[in-house]
Amino acid sequence: MFKSNNVTARLFERQICTPSPGTSIHRARRFYENIVPSYTVYDVECPDHSFRKFTDDGLYLVSFSRNHQDLIVYRPTWLSFSCKDEDCDIHDLPSKARKFESFFTQLYSVTLASSGELICKDFFLYMESNQFGLFATSTAQIHDAPPTGGAIQGVPSVEKITFHLLRLEDGAILDERVFHNDYVNLAHSVGAFLYDDLLAIVSLRFQRIHILQIRDSGDLVDVRAIGEFCREDDELFLNSNSQVLVNHVGNGFHHGLPDPETSFLSGIKQRLLSFIFRGIWNEETDQTMRVQCLKKKFYFHFQDYIDLIIWKVQFLDRHHLLIKFGSVDGGVSRNADSHPSFFAVYNMETTDILAFYQNSADELYFLFELFSDHFHVSSRSSLHMNFMSSHSNNIHALEQLRCTKNKAASFSQFVKKMMASLPFSCQSQSPSPYFDQSLFRFDEKLISAIDRHRQSTDHPIKFISRRQLNILKFKIKPGPEAGSTDGRTKKICSFLFHPILPLAISVQQTLFLQSSVVNIHFRR
């Protein structure tokens, strides 16, 4: 039953009623039904920056200069003004309300890019417990770079990629990590994943997963590198055995020295092939049938397994990784949905592959449908990220998923489409309560919690109460108040919602780099 729409009544109810155990935060979030960003200031006078996002705790707004050289960080404040009458709502807002500085205070500007590098405006990870920010700069890609030093053929090279760890409180650069002649997919933070104090960075070019720890002091410390080797002493073991072979050659026992770059598969690939082999072996008990199954399912596809490369990785917890494998073409393509892919669960401590699925596997999809939150892992210190809607914690999201599944022409194609989003990019969703599907209903084709540009529309995006049928709570309209004068120009927009306050920014821009239209939506 819907409670009173009056804020005072709901505050009084909260004071005299005790919520059921474990529901206090959900009860508190219902106040957002009353407190919404219902007022819009159109075409705000603001600096010509590329606004990235609010941090998950709402303390900072991160933006970059248009020349992709500088980081500019703001503190969200609030518009304040006075009027003589008792009812200020009848008055128009003062002229300063159209100024960006009335809502945000610039804390500092820091130059990150140097020596031909540019800031990757899509890359930003936030460590809430220490208020650290991770940013990336890189030089231009070299698409036809030769595969030297064990690099993968067909993967582009970047002369220099630098990861910068900053303390957002004052903009101090605490540490940097540089990758030379490598390739890390920086778009939308795809090539890196942050979980608590652990950071995983995927080198596509050299097929290594670099695991680093972010210390409280702000130091980036190497933990391990997974790729050619899985254990810390694997390289030492191979080198010591190579020395034994050299000694044998010196004593006249020459059998041909192996070249490590051509004779051995990488450690992670060895683990993967062993897991697949054992799985097929254990399917049959009859020896003849085992051989037939191995020929059909393993040796026939052996080269396909050999050619798989690591595309993407995410932490499932501090010890387990979800690794996505696929072809070289799919790893560097903008649209990898059409390429076949595979998923493996890897234990970093035991170096074992625990599970292996193709992207069309029904079993993986049903696990995803039932336990979606386990794929949306967030740091344990992040309170705001634990209440995002998914089809495993929200009945409305589950109904929407099942409706899409029922409409799909082919279940296998539907599964592939759903699995294309795995592993999820780190911190790619907004924790704003206005995206809570138990509170509001909205058109996810136009706006959603996922951090992506969307095609703009001249019509307002409506947020309708979920518990009060067909009651409009507020509207978000990007672009000019009067709408666009040129309907032929394709426009895209992005939305930045504050994780706590009734505050949002909409940025509409054309594909021809014309000036953006920035609107601020807030509760007056």
Q.
Checking side-chain polar atoms at under 3.5 Å, does Thr111 have a donor or acceptor matched by the opposite partner on Asp70?
A. yes
Q: Return yes if a side-chain donor-acceptor contact under 3.5 Å exists between Tyr60 and Gln131, otherwise no.
A: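 A donor-acceptor contact under 3.5 Å links the two side chains.
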Between [X] and [Y], how do the two ring planes meet: parallel, tilted or perpendicular, split at 30° and 60°?
X	Y	answer
Phe179	Phe163	perpendicular
Phe315	Phe193	tilted
Tyr74	Phe104	perpendicular
His376	Phe424	parallel
Phe442	Phe435	perpendicular

In a table with atom names and distances, give each donor-acceptor pair under 3.5 Å that connects a side chain of residues 183-192 to protein atoms at least two apart or in another chain.
residue	atom	partner	partner atom	Å
Asn185	OD1	Ala187	N	3.3
His188	ND1	Arg452	NH1	3.3
Ser189	OG	Phe124	N	3.4

### Message
Run the ring-ring contact (aromatic ring centres under 6.0 Å, His included) test on Tyr39 and Phe522 for me, step by step, so that the C-alpha distance in whole Å, both residues' side-chain angles and the decisive distance to 0.1 Å come before the verdict.
### Response
CA-CA 5 Å; Tyr39 192 87; Phe522 68 106; 5.7 Å; yes
| request: Could you check if a side-chain atom of Arg98 sits within less than 4.5 angstrom of a side-chain atom of Val44, using non-hydrogen atoms only? | output: no
To the nearest 0.5 Å, atom NE2 of His521 lies from atom OH of Tyr42 at 7.5 Å
Between Arg30 and Asp436, is there a salt bridge with N-O shorter than 4.0 Å? no
- Message: Check Arg402 with Glu369, please: is the shortest side-chain N to carboxylate O separation under 4.0 Å?
- Response: yes
Problem - Over 12 foreign heavy atoms within 6.0 Å of NE2, His301 - result: yes
